[in-house]
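Keep in mind the model is a prediction, meaning the values are calculated, not measured. Quick note: numbers below take in every heavy atom, side chains included, and nothing from hydrogens, waters or symmetry partners.
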Amino acid sequence: MVTATASVSEDTLQLLGSEINYEVQVVSPEDEDRELLESFDLQFGEDEGGEEAQEKRPPVVTVMGHVDHGKTRLLDTIRKTHEREGEAGGITQGIGAYQTTVELEDGPRTITFLDTPGHEAFTAMRARGAQSTDLAILVVAADDGVMPQTVEAINHAKAADIPVVVAVNKVDKPEAQPDKIRGQLTEYGLIPEEYGGDTMFVDISAKAGTNIQELLEAVILTADAALELTANPNMDAQGVAIESHLDRGRGPVATVIVQRGTLRVGDSIVVGDAHGRVRRMLDEFGDDVDEAGPSRPVQVQGLNGVPGAGDNLLVVEDDRVARQIAAQRDARKRSALQAKSRKRVSLEDLDAVLKETSTLNLILKGDNAGSVEALEDALLDLEIDDEVQLNIIDRGVGAVTQTNVSLAAASDAIIIAFNVRAEGKATEEANAEGVDIRYYTIIYRAIEEIEQALKGMLKPIYEERDTGAAEIRALFKSSAVGTIAGLMVTEGKIKRNGKVRLVRDGNVISSDAKIESLRHEKDDVTEMNAGYECGAVLSYPDIQVGDILQAYEEVEVPRD
């Protein structure tokens, strides 16, 4: 039997449909959204008109690289070198993207920079299926070399299938070794043109402003060679929100990049499940803009809510259509949340997931390169059925970062952490996204567990850990809450909402009673330490003077 709210597999749905003479077609949320838009005679992701309607558009560039390698300094230098007159140092930081102009032989060309250095935002966008970036600049410090986040940035760029221009920064330092950087990056598939490859490398100094013009020229040349960047500006605008926030004075404000068409003040728009009318648009200088063409970043005011990063922007004919589309998207989003339709994979439920998917994606992190390499080799040598594949999508040295968690969420991967831990924000995001992080200190344990998981044998191990004890010294009757136990905490500590065993004359009367409330004198408290008296209400009513409460918590045993 299946309950009304239970999720069933695609095969079951199709089988049920055939039994009652219906053909069931399972579609992705993207297809469903496409059908929704088609019902309003709208299309997203397509240019209207033929090739003759297409015009060149500027490339959209994200700057990535390891921390302290000079990403922010490079963006600041580009901004200062190419900022318009009269804006000396007064550029507005309220917008997450800006444009700069490069003078080339065939005339001026424009580049749009996403002012989100680092790959957290980049990955979050990819996890939501938004491809807003055309090209990446990888910043590597010539005095430091290829570092873990550098490798992560390369992996993200490869996963998004976008070309890369490498900026070798800090070449003005005496210990700089730009040739060594070129050699290191060849191992990751970025082969310089001078070595016969197709990746452009530019030696720069963001601090001194050296070769910034050459870097921008390299971006334009790479974009022209590897990409056909065209869009029709003479159609209703479509684009993507790259960030948004709630401003106390201006209401919801979204930074959007127009991908095709032209966005004008007064247009009715839908962005994800938010809708509204463009009341005002600002550029990166904080000036009002009446219209924004392809690849133009602007801040939009006038939405009824805050959209998510990566949400699609669409201009529709009037406010009524915008409201209908937003309402249907919102309803779908809420039903998806209620059904928890897409649960992240973890080692425990892998057996069920493998019936649908045949690939287990892993991200490996370790304390040094040797142990990561050894772990990777051992895992890839596992003898498993042909139906199941192991796919190691990323590996690195150092703590589990937020970027690793974002990539795991985007790729439905499990993170294997060997002799390292997760950073604070990474743990929060892993809990929020439901990403499974496994910690190990012995290499064969990791290999054993992956092998067991692939065979559907793994179960979590929990143990009860005693945290304290208390003795019932007196009982008080209360008409409001029932029987109150007067306790003396004899060892450790007891917690409100904690589990306790009730022991009488050496026999366990109840093994999973709960402390429902805890008071010290007249104050509610969350916990009480040894040596103090307190009053407690238990979920188990049959208590007597002299009973012992043994407090405990269930802890998953770390598999070390």
Side-chain angles (χ1 to χ4, degrees), residues 30 45 47 56-66 69 71 74-75 78 96-100 102 109-140 146 149-169 185-193 197-202 215-231 238-243 255-260 294-297 309-312 393-394 403-404 406-407 409-411:
E30 292 76 20
D47 286 285
K56 270 199 163 184
R57 66 172 179 84
V60 180
V61 179
T62 299
V63 179
M64 301 196 294
H66 192 73
H69 277 201
K71 300 184 296 288
L74 172 61
L75 284 163
I78 291 170
Y98 63 94
Q99 288 191 324
T100 190
V102 193
R109 294 284 295 276
T110 307
I111 303 173
T112 299
F113 280 94
L114 285 194
D115 198 358
T116 47
H119 19 273
E120 285 84 353
F122 188 83
T123 314
M125 304 268 282
R126 198 170 74 78
R128 293 178 178 87
Q131 293 286 7
S132 58
T133 305
D134 300 314
L135 190 137
I137 293 178
L138 179 67
V139 179
V140 190
V146 175
Q149 275 180 279
T150 315
V151 180
E152 284 173 6
I154 295 167
N155 289 335
H156 291 310
K158 280 182 182 171
D161 195 24
I162 58 172
V164 175
V165 173
V166 180
V168 183
N169 194 18
L185 286 173
T186 54
E187 297 173 27
Y188 298 97
L190 296 178
I191 301 166
E193 286 183 332
D198 54 7
T199 305
M200 292 188 78
F201 279 65
V202 184
L215 176 64
L216 299 178
E217 286 175 11
V219 168
I220 294 287
L221 289 170
T222 302
D224 288 349
L227 306 163
E228 278 192 37
L229 301 176
T230 58
Q238 297 178 3
V240 64
I242 54 170
E243 61 179 34
T255 301
V256 302
I257 287 188
V258 180
Q259 292 174 315
R260 55 187 66 78
S295 296
R296 181 76 191 267
D311 279 351
N312 293 326
I393 58 170
D394 192 11
T403 313
N404 297 137
S406 299
L407 184 59
S411 316

Exercise for the section: Measure from the side-chain N and O atoms of Gln238 to the backbone N and O of Asn312, and report whether any donor-acceptor pair falls under 3.5 Å. Expected result: no
Practice task
Measure the spacing between CD1 of Ile191 and OG1 of Thr186 and express it to the nearest 0.5 Å.
Solution key: 6.5 Å
Problem - Sidechain N-carboxylate O distance under 4.0 Å for Asp224, Arg109 - result: yes
Completion exercise
Taken to the nearest 0.5 Å, the spacing of Met200 CE from Thr222 OG1 works out to 5.0 Å
Practice task
Would you indicate whether the side-chain heavy atoms of Leu216 and Ile111 approach each other to under 4.5 Å?
Solution key: yes
Problem - Any Gln259 side-chain heavy atom under 4.5 Å of Pro294 side chain - result: no
Practice task
Could you check Leu185 against Val166 for side-chain contact (heavy atoms from CB on, under 4.5 Å), going step by step and ending with a plain yes or no?
Solution key: CA-CA 9 Å; Leu185 286 173; Val166 180; 3.7 Å; yes
Exercise for the section: Report the distance from atom OH of Tyr98 to atom CD1 of Ile78, rounding to the nearest 0.5 Å. Expected result: 5.0 Å
Practice task
Check whether any side-chain heavy atom of Ile137 lies under 4.5 Å from a side-chain heavy atom of Phe113, and answer yes or no.
Solution key: yes
Practice task
Taking the side chain as every heavy atom from C-beta outward, state whether Pro59 and Leu227 have any pair of such atoms under 4.5 Å apart.
Solution key: no
Practice task
Check whether any side-chain heavy atom of Val63 sits under 4.5 Å from a side-chain heavy atom of Val139, and report yes or no.
Solution key: yes
Problem - Criterion side-chain contact (heavy atoms from CB on, under 4.5 Å) on Val151 and Val146, from CA distance to verdict - result: CA-CA 7 Å; Val151 180; Val146 175; 3.8 Å; yes
Practice task
Determine the minimum heavy-atom distance between Leu138 and Ala153, stating which atoms define it.
Solution key: CD1-CB, 3.7 Å
Problem - Side chain to side chain, Leu135 and Ile162, heavy atoms closer than 4.5 Å - result: no
Problem - Gap separating the CD1 atom of Ile242 from the CD1 atom of Ile257, nearest 0.5 angstrom - result: 4.5 Å
Practice task
Taking atom types as modelled, find out whether Thr112 and Gln99 have a side-chain donor-acceptor pair closer than 3.5 angstrom.
Solution key: yes
Practice task
State the CD1-CG distance between Ile393 and Asn155, to the nearest 0.5 angstrom.
Solution key: 8.5 Å
Practice task
Please lay out, stage by stage, how Asn404 and Asp394 fare under the test side-chain contact (heavy atoms from CB on, under 4.5 Å).
Solution key: CA-CA 8 Å; Asn404 297 137; Asp394 192 11; 3.9 Å; yes
Exercise for the section: Would you check if Ile154 and Leu190 make a side-chain contact, meaning some heavy-atom pair closer than 4.5 Å? Expected result: yes
Problem - Neighbour count >12 (heavy atoms, 6.0 Å) for atom CD, Glu228 - result: no
Handout entry: Any side-chain heavy-atom pair of Arg57 and Thr230 under 4.5 Å
Key = no
Practice task
Return the minimal non-hydrogen interatomic distance between Asp134 and Pro58, and the atom names on each side.
Solution key: OD2-O, 4.2 Å
Completion exercise
In this structure, OG of Ser295 is separated from NZ of Lys56 (nearest 0.5 Å) by 12.0 Å
